[in-house]
Amino acid sequence: MHTLIFATNNKNKVAEIQSLVGADFNVIPLSEAGIDIDIPEPHDTLPENAFEKANTIFTITQKNCFSEDTGLEITALKGAPGVKSARYAGEGRDFQANIDKVLLNLNGIENRTAQFRTVICLLWQDASNGLQTYYFEGICKGHIAYEMHGEKGFGYDPIFIPEGSNKSFAQMSMEEKNKYSHRQKAVTQLFTFLHNL
Ligand code: ITT
């Protein structure tokens, strides 16, 4: 079985990804790897931040690892909050404050089109090729609701309604969210790639 460290401090991401991993991979969250650091995300693009997170953890552990960076891109807000999604309303990384800011900025705007974009960065040591960097992307199109719906999930889930559903992500079980989600699409590509190595 291959072991991979998932370079994230977000427990919700860990739960979602562990629900998608096949039996031949062992995905270890940072907490289980005994690493307790605030991973930097200083860049203006999702791939650069994803690389920064994975590389920070690889430098410490020298073990195969992956990270992901996710942004909510709202058309009427010119792609905001995008790469700044976690800190849209400030350094407190407060889910409710972030949602309030989105709803305020969309007040009176009819175009609610939005998408989640996840970029995964994999750092993989290969006996013949050395350390390789790979990227995988998953997009979930949808729209922003006029108010919050549901209690499940995390982040912007209560206001995001994926295409093909009339429920918000926060009204779905994890399994149902996985059928639509940006994260599921990126993770599926990651594990398809790893299976074919
Ligand atoms: P790590 O960097 O430790 O992985 P993070 O929470 O900082 O965790 P991101 O930088 O990718 O993660 O931040 C993206 C933010 O976007 C996150 O804090 C949530 O508020 C939101 N987000 C990400 N995925 C989401 C999802 O599936 N549903 C709702 N909101 C999501």
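On a predicted model such as this, the values are computed, not experimentally measured, just so you know. Start at 1 and go down the list; that is how both ligands and their atoms are numbered. Computed from heavy atoms alone, side chains included, the values below leave out hydrogens, waters and symmetry copies.
Of all protein heavy atoms, the one closest to atom 30 (N) of ligand 1 is Y156 N, 3.0 Å. When only non-hydrogen protein atoms are considered, atom 10 (O) of ligand 1 lies nearest to E41 OE1, 2.5 Å. The protein atom (non-hydrogen) at minimum distance from atom 6 (O) of ligand 1 is N10 ND2, 2.9 Å. Nearest protein heavy-atom contact of atom 1 (P) of ligand 1 is T8 OG1, 3.3 Å. For atom 25 (C) of ligand 1, the nearest non-hydrogen atom of the protein is F154 CZ, 3.4 Å. Of the protein's non-hydrogen atoms, the one nearest atom 18 (O) of ligand 1 is A86 CB, 3.5 Å. Counting protein heavy atoms only, atom 16 (O) of ligand 1 is closest to S85 CB, 3.5 Å.
Residue contact annotation: I39 has no non-hydrogen atom under 4.0 Å from ligand 1. Proximity of F169 to ligand 1 is not established, as no heavy-atom distance is less than 4.0 Å. Heavy-atom separations between F160 and ligand 1 are all 4.0 Å or longer.
Between K167 and E176 there is a salt bridge, since at least one side-chain N of the basic residue sits less than 4.0 Å from a carboxylate O of the acidic one. Between E163 and K141, none of the side-chain N atoms (NZ, or NE/NH1/NH2) sits under 4.0 Å from a carboxylate O, so this pair counts as no salt bridge. Salt bridge present: D44 and K84 bring a charged side-chain N and a carboxylate O closer than 4.0 Å. D69 and K53 are joined by a salt bridge, as a carboxylate oxygen and a charged side-chain nitrogen come within less than 4.0 angstrom of each other.
Residue N9 approaches ligand 1 through these ligand atoms, each under 4.0 Å from one of its heavy atoms: 3 (O). Proximity to K53 (heavy-atom distance under 4.0 Å) selects the following atoms of ligand 1: 1 (P), 2 (O), 4 (O), 10 (O), 11 (O). Taking every heavy atom of D69 and a limit of under 4.0 angstrom, the matching atoms of ligand 1 come to 9 (P), 10 (O), 11 (O). Residue R93 has at least one heavy-atom neighbour below 4.0 Å for each of these atoms of ligand 1: 5 (P), 6 (O), 7 (O). The ligand atoms of ligand 1 that sit less than 4.0 angstrom from a heavy atom of D157 are 26 (C), 28 (N), 29 (C). Residue R183 approaches ligand 1 through these ligand atoms, each under 4.0 Å from one of its heavy atoms: 23 (C), 24 (N), 25 (C), 26 (C), 27 (O). Near K177, meaning under 4.0 Å from any of its heavy atoms, are these atoms of ligand 1: 26 (C), 27 (O), 28 (N). Numbered from 1 in the order shown, with element, the atoms of ligand 1 that lie under 4.0 Å from a heavy atom of K13 read 1 (P), 4 (O), 5 (P), 8 (O), 9 (P), 11 (O), 12 (O).
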Requested in this report: Please test H143 against N111 for side-chain hydrogen bond (donor to acceptor under 3.5 Å, both in side chains), starting from the C-alpha separation and ending with a verdict.
Outcome: CA-CA 9 Å; H143 69 272; N111 178 6; over 6 Å; no

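Between the choices I99, L30, T70, the shortest heavy-atom distance to atom 23 (C) of ligand 1 belongs to T70.
With Y146 as the aromatic partner, R112 meets the cation-pi criteria of under 6.0 angstrom to the ring centre and within 45 degrees of the ring axis.
Not a single donor-acceptor pair under 3.5 Å links the side chain of Y134 to the backbone N or O of I120. Within the 3.5 Å criterion, the main-chain N or O of L72 finds a donor-acceptor partner in the side chain of S85. Remark: side-chain polar atoms of K185 are paired, donor with acceptor, to backbone N or O of I139 under 3.5 angstrom. K13 places no side-chain N or O within 3.5 Å of a backbone atom of T8 that could act as its donor or acceptor partner.
Atom CD of Q96 is surrounded by more than 12 heavy atoms from other residues, nucleotides or ligands within 6.0 Å. No more than 12 heavy-atom neighbours from other residues, nucleotides or ligands sit within 6.0 angstrom of CG on D36.
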